[in-house]
*Asks:* 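Got a structure for you, written out below as structure tokens; questions coming shortly.
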Amino acid sequence: MAGGAREVLTLQLGHFAGFVGAHWWNQQDAALGRPTDAKEAPAELSPDVLYRTGRTLHGLDTYTPRLIIMDLKGSLSSLQQEGGLYRDKQLDAAIAWQGKLTTHKEELCPKNPYLQDVLSAEGVRSSDGVWRVKSIPNGTREACPASLAQTPTPPATPESSVRVWSDFLRVRLHPRSICMIHKYNHDGDTGRLEAFGQGESILQEPGYLEELEDRLHFYVEECDYLQGFQVLCDLHDGFSGVGAKTAELLQDEYSGRGLITWGLLPGPYTLGEPQKSVYRLLNTAFGLVRLTAHSSLVCPLSLGGSLGLRPEPPVTFPHLQYDATLPFHCSAILATALDTVTVPYRLRCSPVPMVHLADMLSFAGKKVVTAGATIPFPSGQSLPDTLMQLGGASPWTPLSACGDPPGTRYFAHSVVLRGVGSALHTSPLPAASSLRSPLHTCATGEEVLTQYLRQQQPRAVRSVQDSLLPSSPTSPSPSPLAAPHLLFSCPHSSSHLLLTPCKVVPPYPRLFSSSLSKWGSVPDGPPVGAAAESIAVFGNLASSSALHQTLGDLAKELSRLDLRRWASFMAAGAEQDDLEEVVQELHSLAQCYRPSDSLAY
């Protein structure tokens with residue numbers, strides 16, 4: 001059992017969600033080992049929030065993700081649906097038939113060469129050998145052998161060989177984790193799950209619904225303090241309908257628990273396929289509206305610049321080069337951001353429960369939020385110096401296809417900075433120094449972060465003060481810097497500063513510039529050439545005024561569509577009235593984010 005941790009059950013719905021989830025679990029797996037270097041931070045995150053303990057039929061202790069995956073036929077490649085860790089008793093049941101028996105056995109797909117190269121470089125056996133176990137009370141595993149502690153050699157096989165998420169997943173799964181949908185195909189031009197209504201109908205069939213409910217009950221009933229569910233759901237295809245019905249089921253059966261949905265969209269697309277573009281728009285709009293109705297919080301995640309029909313160039317990051325056409329690359333970046341912004345409800349000490357985090361960000365009906373991240377966050381000098389160099393521009397790259405328009409204001413946000421060593425948190429300068437700033441006068445890293453965010457959104461302090469203090473024509477205007485901690489004493493904001501970096505060891509793709517050190521910092525001398533293994537990340541979840549235009553534009557594009565031209569979408573159960581209802585819901589959501597709101601930061 002989880003030993004007192006506030007457990008979270010993760011659901012991954014869709015193939016791109018599988019890509020993001022595979023990177024997410026690989027990063028969790030890399031973080032489980034005992035620190036092997038003095039630069040590693042002590043355990044600040046509790047893995048028991050995400051993992052469960054168990055025991056195989058051979059008596060071996062196991063530590064596996066508390067996870068349910070739903071994907072289509074053909075997406076598993078060499079991964080067995082029941083996993084190789086346990087043997088399901090139902091599969092081992094004795095056969096009562098005494099007559100002649102004919103066995104038909106399908107040939108197993110070979111393991112992807114990319115993952116084989118990663119495992120060989122680390123000295124890990126790829127057969128069904130002994131599973132690494134949780135054997136010490138603080139939730140981390142035994143120290144890895146010396147061969148594992150060494151820096152792995154980069155794989156010789158190109159990353160383009162990765163076709164499905166199971167090609168690079170290195171974490172063993174419980175037999176009840178994978179739920180395959182055999183009604184639709186992952187590959188090919190026919191039998192695709194391409195419309196929202198098709199996804200909804202899957203969980204209206206007793207077979208799939210019962211299978212999902214059985215898996216939910218299995219994981220939930222063994223939890224001591226279940227805090228909620230995090231759902232990674234594809235928005236661009238029919239899995240948006242699967243996610244909507246799943247969220248409705250979770251809300252009905254587990255009301256009062258947190259339910260945070262991450263709506264995932266793969267990299268930017270082209271204008272050469274108008275039908276796919278329209279289906280992407282329809283599925284995204286229907287998914288956002290229906291998921292918002294049943295979730296505590298919904299956050300779209302994408303490296304594209306738009307949710308609408310017209311594609312925008314992918315976002316860019318300093319010190320990071322990626323191929324936006326490769327799901328393997330895009331999903332790694334989104335998983336890294338997700339690993340950071342979910343920190344509040346995974347902390348070992350003083351965690352923020354999912355329900356509280358959702359309530360803080362979604363007040364006044366604002367249940368859709370945006371995400372942003374700095375990947376990697378430059379960590380070669382002191383935190384005050386680094387933040388001063390960022391200037392007045394937003395430090396985060398937007399990751400919700402909303403852009404970062406000038407004048408964006410925040411109604412609430414949750415900020416996490418991780419991976420900056422404690423020695424770099426402050427940097428006091430002599431009083432006469434020309435470089436001295438309010439950030440250099442702070443005594444702790446937490447104060448530095450709070451002061452910087454207060455400077456980033458000076459309107460935040462004034463608007464919050466105006467809402468708290470009685471107005472008087474003779475009262476002087478309050479100074480944004482005269483009220484310490486005012487911004488983050490507001491119940492709609494929080495910030496966290498962690499020493500723990502984000503792990504980016506293989507099979508994480510080599511996306512980072514050679515100018516970065518092994519620890520993700522930018523050295524003063526020439527490039528070191530060693531691949532980064534851990535990085536600092538600055539992440540933000542926000543209820544942002546940028547959503548006013550994004551959701552409004554999405555509604556406008558949707559209102560121009562005639563659903564009768566898209567017969568296959570209508571055949572899946574959608575009608576023109578449903579489309580008009582979604583347009584109205586989007587307009588209503590957009591109005592919640594008007595920049596003129598007096599509570600905006």
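Nothing here was measured: the structure is a model prediction, and the numbers come from that model. Position 1 is the first residue of the sequence, and the numbers go up from there.
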*Asks:* Could you tell me whether the side chain of Y208 reaches within less than 4.5 Å of the side chain of K183, counting heavy atoms only?
*Replies:* yes
*Asks:* I'd like to know if the side chain of R418 reaches the main chain of V537, judged simply by a donor and an acceptor atom lying under 3.5 Å from each other, with no hydrogens or angles considered.
*Replies:* no
*Asks:* How about K73: does its NZ atom have over 12 heavy atoms from other parts shown lying under 6.0 Å from it?
*Replies:* yes
*Asks:* Cut-off 3.5 Å, no hydrogens considered: what does the side-chain donor-acceptor table look like for residues 287-294, sequence neighbours left out?
*Replies:*
from, atom 1, to, atom 2, distance (Å)
T292, OG1, L288, O, 2.5
H294, ND1, Q251, OE1, 2.9

*Asks:* Drop me the distance from E580's CD to E585's CD, to the nearest 0.5 angstrom.
*Replies:* 13.0 Å
*Asks:* Determine whether a donor-acceptor pair (N or O, by modelled atom type, separation under 3.5 Å) exists between the side chain of Q227 and the backbone of M354.
*Replies:* yes
*Asks:* Between D214 and E211 (side chain of the first, backbone of the second, donor and acceptor by atom type, cut-off under 3.5 Å), is there such a pair?
*Replies:* no
*Asks:* Check whether any side-chain heavy atom of I333 lies under 4.5 Å from a side-chain heavy atom of V315, and answer yes or no.
*Replies:* no
*Asks:* One pair to check against side chain to side chain contact (heavy atoms under 4.5 Å, CB included): V20 and L301. What are the steps and the verdict?
*Replies:* CA-CA 10 Å; V20 175; L301 290 175; over 6 Å; no
*Asks:* Working to the nearest 0.5 Å, report the span between CG of D252 and CD of E248.
*Replies:* 5.5 Å
*Asks:* If you compare all heavy atoms of V369 against all heavy atoms of S400, which two are closest, and at what distance to 0.1 Å?
*Replies:* O-OG, 4.3 Å
*Asks:* Apply the test side chain to side chain contact (heavy atoms under 4.5 Å, CB included) to residues F317 and L511: give CA-CA distance (whole Å), side-chain angles for both, the deciding distance (0.1 Å), then the verdict.
*Replies:* CA-CA 10 Å; F317 301 83; L511 306 178; over 6 Å; no
*Asks:* How far apart are the closest heavy atoms of A335 and H23, and which atoms are they?
*Replies:* CB-CB, 3.6 Å
*Asks:* Distance check, rounded to the nearest 0.5 Å: C179 atom SG versus R215 atom CZ?
*Replies:* 5.0 Å
*Asks:* Take the angle between the ring planes of F286 and F196 and call it parallel below 30°, perpendicular above 60°, tilted in between.
*Replies:* tilted
*Asks:* Please report the shortest heavy-atom distance between T340 and G539, naming the atom on each side.
*Replies:* CG2-N, 3.9 Å
*Asks:* Side-chain donor-acceptor pair under 3.5 Å between Y219 and T10, yes or no?
*Replies:* no
*Asks:* Using modelled atom types only, decide if a donor and an acceptor are shared between the side chain of E7 and the backbone of Y225 within a distance under 3.5 Å.
*Replies:* yes
*Asks:* Is the closest side-chain heavy-atom distance between N185 and L72 below 4.5 Å?
*Replies:* no
*Asks:* Would you confirm whether H329, through its side chain, and Y322, through its main-chain N or O, come within 3.5 Å as a donor-acceptor pair?
*Replies:* no
*Asks:* State the CE-CG distance between M570 and D578, to the nearest 0.5 angstrom.
*Replies:* 9.0 Å
*Asks:* Donor-acceptor pairs under 3.5 angstrom involving side-chain atoms of residues 253-265: please list them, not counting sequence neighbours.
*Replies:*
from, atom 1, to, atom 2, distance (Å)
E253, OE1, H217, NE2, 3.2
R257, NH1, L226, O, 2.6
T261, OG1, S295, OG, 2.9

*Asks:* Hey, is D339 close enough to R346 for a salt bridge, meaning N to O under 4.0 Å?
*Replies:* yes
*Asks:* Measure centre to centre between the rings of Y345 and H356, then say whether the value is under 6.0 Å.
*Replies:* no
*Asks:* To the nearest 0.5 Å, tell me how far L586 CG sits from L547 CG.
*Replies:* 11.5 Å
*Asks:* Taking all non-hydrogen atoms of both residues, which atom of K366 and which atom of S543 are closest, and how far apart?
*Replies:* CD-OG, 3.3 Å
*Asks:* Within the 4.5 Å heavy-atom criterion, are Y593 and T550 side-chain neighbours or not?
*Replies:* no
*Asks:* Using a 4.5 Å cut-off on heavy atoms from C-beta on, say whether the side chain of L309 contacts that of R560.
*Replies:* no
*Asks:* Have T336 and Y508 got a donor and an acceptor in their side chains that come within less than 3.5 Å?
*Replies:* yes
*Asks:* With rounding to the nearest 0.5 angstrom, report the CH2 to CZ distance, W396 to F377.
*Replies:* 10.5 Å
*Asks:* Of all heavy-atom pairs between L541 and C299, which one has the smallest distance, and what is that distance?
*Replies:* CD2-SG, 4.0 Å
*Asks:* Between the main-chain N or O of S306 and the side-chain N or O of E312, is there a donor-acceptor pair closer than 3.5 Å?
*Replies:* no
*Asks:* For residues F411 and S544, report the shortest heavy-atom separation together with the two atoms involved.
*Replies:* CE1-C, 3.9 Å
*Asks:* Side-chain contact test, heavy atoms from C-beta onward, threshold under 4.5 Å: evaluate it for T64 versus L173 and give yes or no.
*Replies:* no
*Asks:* May I have the list of side-chain donor-acceptor pairs in residues 231-243 shorter than 3.5 Å, sequence neighbours left out?
*Replies:*
from, atom 1, to, atom 2, distance (Å)
D234, OD1, A17, N, 2.8
D234, OD2, H15, N, 3.0
D234, OD2, F16, N, 3.1
D237, OD1, F239, N, 3.0
S240, OG, D237, O, 2.9
S240, OG, N283, O, 3.4

*Asks:* Side-chain contact, heavy-atom cut-off 4.5 Å: Y63 with D29?
*Replies:* no
*Asks:* With no hydrogens and no angle check, is any side-chain donor or acceptor of S166 less than 3.5 Å from a backbone partner on S75?
*Replies:* yes
*Asks:* Flag the pair V368 / P300 as yes when at least one side-chain heavy-atom distance between them is below 4.5 Å, and no otherwise.
*Replies:* yes
*Asks:* Would you please test V343 and L45 for side chain to side chain contact (heavy atoms under 4.5 Å, CB included) and show each step?
*Replies:* CA-CA 7 Å; V343 157; L45 301 175; 4.0 Å; yes
*Asks:* Scan side-chain atoms only and decide if D71 and Y184 contain a donor-acceptor pair under the 3.5 Å cut-off.
*Replies:* no
*Asks:* Does the gap between the ring centers of F19 and F168 come in under 6.0 Å?
*Replies:* yes
*Asks:* Evaluate the side chain to side chain contact (heavy atoms under 4.5 Å, CB included) criterion for residues V352 and H496: first the C-alpha distance (whole Å), next the side-chain angles of each, then the deciding distance (0.1 Å), finally the verdict.
*Replies:* CA-CA 10 Å; V352 179; H496 297 276; 3.8 Å; yes
*Asks:* Quick check on side-chain contact (heavy atoms from CB on, under 4.5 Å): which of L282, D577, L558 does L563 satisfy it with?
*Replies:* L282
